[in-house]
> 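Mind having a look at this structure? Questions to follow.
Each chain gets a letter, A, B and so on, in the order the sequences are listed, and its residues count up from 1.
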There are 2 protein chains.
Amino acid sequence: MSSIQYVLLSLLAREPLSGYDMKQQINGRISFFYKISNNQLYPTLSKLETEEYIRLQSHERESYRPAKKIYTITDKGLDSLKAWVISPSEPGAWDEFLLKQYSSWLVEPEVMIAQLVERRKEHEARLEEYTVKAASLRGQEERIEAGHPLFSSIGVIEMGILFERGYADWCDKMIGWLRENRI
Amino acid sequence: MSSIQYVLLSLLAREPLSGYDMKQQINGRISFFYKISNNQLYPTLSKLETEEYIRLQSHERESYRPAKKIYTITDKGLDSLKAWVISPSEPGAWDEFLLKQYSSWLVEPEVMIAQLVERRKEHEARLEEYTVKAASLRGQEERIEAGHPLFSSIGVIEMGILFERGYADWCDKMIGWLRENRI
DNA sequence: GTAAACATGTAAATTGTTACATGATTTT
DNA sequence: AAAATCATGTAACAATTTACATGTTTAC
């Protein structure tokens, strides 16, 4: 099952929105790891409506054709969203985990702290792995020039190191904020 | 067109490998942003072979059934890979850009430097955007507790900030290494 | 003796992209 | 006068995931 329906529920859990508004918010705020197209958006919205996860709040018809359809989340939708947020994500699914954090305000902080502690471990382990790998690659030649394959290998591994360190640091930050109960 | 064929060519540009080996390398080194499944791997390999981007080097049959098929890249494959590496990536396609960097050792450093400078600008601009956004979200309430939607909004934006800063820093590092002609 | 690793491959189902279609309003 | 924005939606195509299929060897 894909995350798209939960992404839409995550946005509606905050405020009633139209499909168009949702797309704007997704493209403007979380586009670095999640993108959406019209073709997924509108059918998913219809599906969520017929299954009663969301409800049409108003159908504003302005001067021109397509009326703006504003949706609200139902209790069923909110329950389903909460269940998804606390459900464990696969190791490696850092993007799904981030998506869940966007609705973490809906659930008990203790549950989120426990999940973040787990994630931190995973990213720290991979940070260590990549660091060792980078050192071993560097050790293979005393001088590595731009035309050598090791140059690119190390370059990409360095991004992996930056990424894993960033994610681990972010987990730490989130844990700290949750414990203090303020951001 | 998807990146998978170029990922396989990128690996074969370094050394001859079997499909299984390629999968191991992908899962072990760049799995944080690129994943592959058997169903994509083997048909793509066949396609690359019939189109002469790669060639079967050996077909080692050991004691048990599936013989290990080791492939090498052809001149045509290498040319196609180089052309892909220097072709511009869409803004936002940070993963494809990283994939291209993995074969940057094959092309002129000047071309890569120019691309990295462009990328750096993009990520710096988005870093600025996210920083402003985070500040404005924080300014909405004087105390934001864990149960408040703003708590999660800021949390996720903070990851965006870390990500964009990380990517921009990495571009700087790469540019520096390319200019010094050593890593 | 059970599970994991080795090694290649296929089928079915889902998911996602690109392009199109409509049509008024606002900006360049 | 052209282009972009607003607003919803569909059709055709491409890509990806999940599960299956085979069968040996090595590790627990």
Side-chain angles (χ1 to χ4, degrees), chain A residues 1-8 11-12 16-28 30-31 33-51 54 56-71 84 89-93 95-96 99, chain B residues 1-8 11-12 16-28 30-31 33-51 54 56-71 84 89-93 95-96 99:
Chain A
M1 240 172 300
S2 115
S3 309
I4 184 177
Q5 50 187 312
Y6 296 111
V7 172
L8 301 181
L11 298 173
L12 291 176
L17 292 166
S18 70
Y20 190 84
D21 295 334
M22 294 181 221
K23 206 185 165 192
Q24 298 310 104
Q25 291 205 6
I26 291 167
N27 290 340
I30 57 172
S31 62
F33 72 101
Y34 196 86
K35 289 167 182 74
I36 195 172
S37 66
N38 286 0
N39 165 65
Q40 300 170 267
L41 177 61
Y42 292 106
T44 306
L45 239 26
S46 301
K47 200 190 136 216
L48 285 173
E49 198 195 353
T50 54
E51 289 173 12
I54 64 175
L56 198 58
Q57 193 191 54
S58 63
H59 202 214
E60 283 166 36
R61 175 171 289 263
E62 281 160 50
S63 45
Y64 53 100
R65 273 291 178 67
K68 195 169 187 171
K69 294 165 80 172
I70 295 179
Y71 294 96
W84 177 71
S89 300
E90 289 293 304
D95 45 354
E96 192 194 274
L99 245 23
Chain B
M1 239 173 298
S2 117
S3 308
I4 183 173
Q5 50 188 310
Y6 297 111
V7 172
L8 301 181
L11 298 172
L12 291 176
L17 291 166
S18 69
Y20 191 83
D21 295 334
M22 293 180 219
K23 207 186 162 188
Q24 297 311 104
Q25 290 204 7
I26 291 167
N27 290 339
I30 57 173
S31 62
F33 73 99
Y34 196 86
K35 290 167 182 71
I36 195 171
S37 66
N38 286 0
N39 168 64
Q40 301 171 266
L41 177 60
Y42 293 107
T44 305
L45 240 26
S46 302
K47 200 190 136 213
L48 286 173
E49 198 195 353
T50 54
E51 289 172 14
I54 63 176
L56 198 58
Q57 191 190 55
S58 63
H59 202 213
E60 284 165 35
R61 174 172 288 262
E62 283 159 47
S63 44
Y64 54 99
R65 274 289 181 63
K68 195 167 184 170
K69 294 166 78 172
I70 294 180
Y71 294 96
W84 177 71
S89 302
E90 288 295 303
D95 45 353
E96 194 194 271
L99 245 25

> I need the NZ-C1' distance between A:Lys68 and C:dG23, as an integer number of Å.
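That distance rounds to 17 Å.
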> Measure from the side-chain heavy atoms of A:Gln40 and tell me the nearest of D:dA15, C:dG16, C:dA7.
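Comparing D:dA15, C:dG16, C:dA7 against the side chain of A:Gln40, the answer is C:dG16.
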> Can you see which heavy atom on A:Gly92 is nearest to which on B:Lys35, and at what distance?
O-NZ, 3.8 Å
> Can you find a pair of side-chain heavy atoms, one from A:Ile26 and one from A:Leu41, that are under 4.5 Å apart?
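Not touching, per the 4.5 Å side-chain cut-off.
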> Counting only side-chain N and O atoms of A:Ser46, is one of them less than 4.0 Å from OP1 or OP2 of D:dG9?
no
> From C-beta outward on B:Tyr42, which listed nucleotide comes closest to its side chain: C:dC6, C:dG9, D:dA7?
C:dG9
> For A:Gln24, give me all partners under side chain to side chain contact (heavy atoms under 4.5 Å, CB included), at least two apart in sequence or on another chain.
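If we apply the side chain to side chain contact (heavy atoms under 4.5 Å, CB included) test to A:Gln24, skipping adjacent residues, the hits are A:Tyr20.
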> Specify the angle, to 10°, made by the local axes at the two ends of the helix from C:dG1-D:dC28 to C:dT28-D:dA1 when five pairs are taken at each end.
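Terminal axis comparison yields 50°.
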> Reckon A:Ser2 has a side-chain N or O less than 4.0 Å from the OP1 or OP2 of C:dG16?
yes
> Check the surroundings of atom NZ in A:Lys47: do more than 12 heavy atoms from other residues, nucleotides or ligands lie under 6.0 Å from it?
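Counting neighbours around NZ of A:Lys47, 12 or fewer heavy atoms of other residues, nucleotides or ligands fall under 6.0 Å, so no.
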> We want to know whether B:Thr44 and B:Gln5 form a side-chain donor-acceptor pair, criterion being a heavy-atom distance below 3.5 angstrom.
no
> State whether the distance check finds a donor on one side and an acceptor on the other, under 3.5 Å, for side chain B:Asn38 versus base C:dT8.
yes
> Hey, does B:Ser18 reach any base, or is it just sugar-phosphate, or nothing, if we go heavy atoms under 4.0 Å?
sugar-phosphate
> Please tell me which of the listed nucleotides, C:dG9, D:dA11, D:dT18, lies nearest to the side chain of A:Asn39?
D:dA11
> Which of these passes side-chain contact (heavy atoms from CB on, under 4.5 Å) with B:Val7: B:Leu12, B:Leu99, B:Ile36?
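Result for side-chain contact (heavy atoms from CB on, under 4.5 Å) with B:Val7: B:Leu99.
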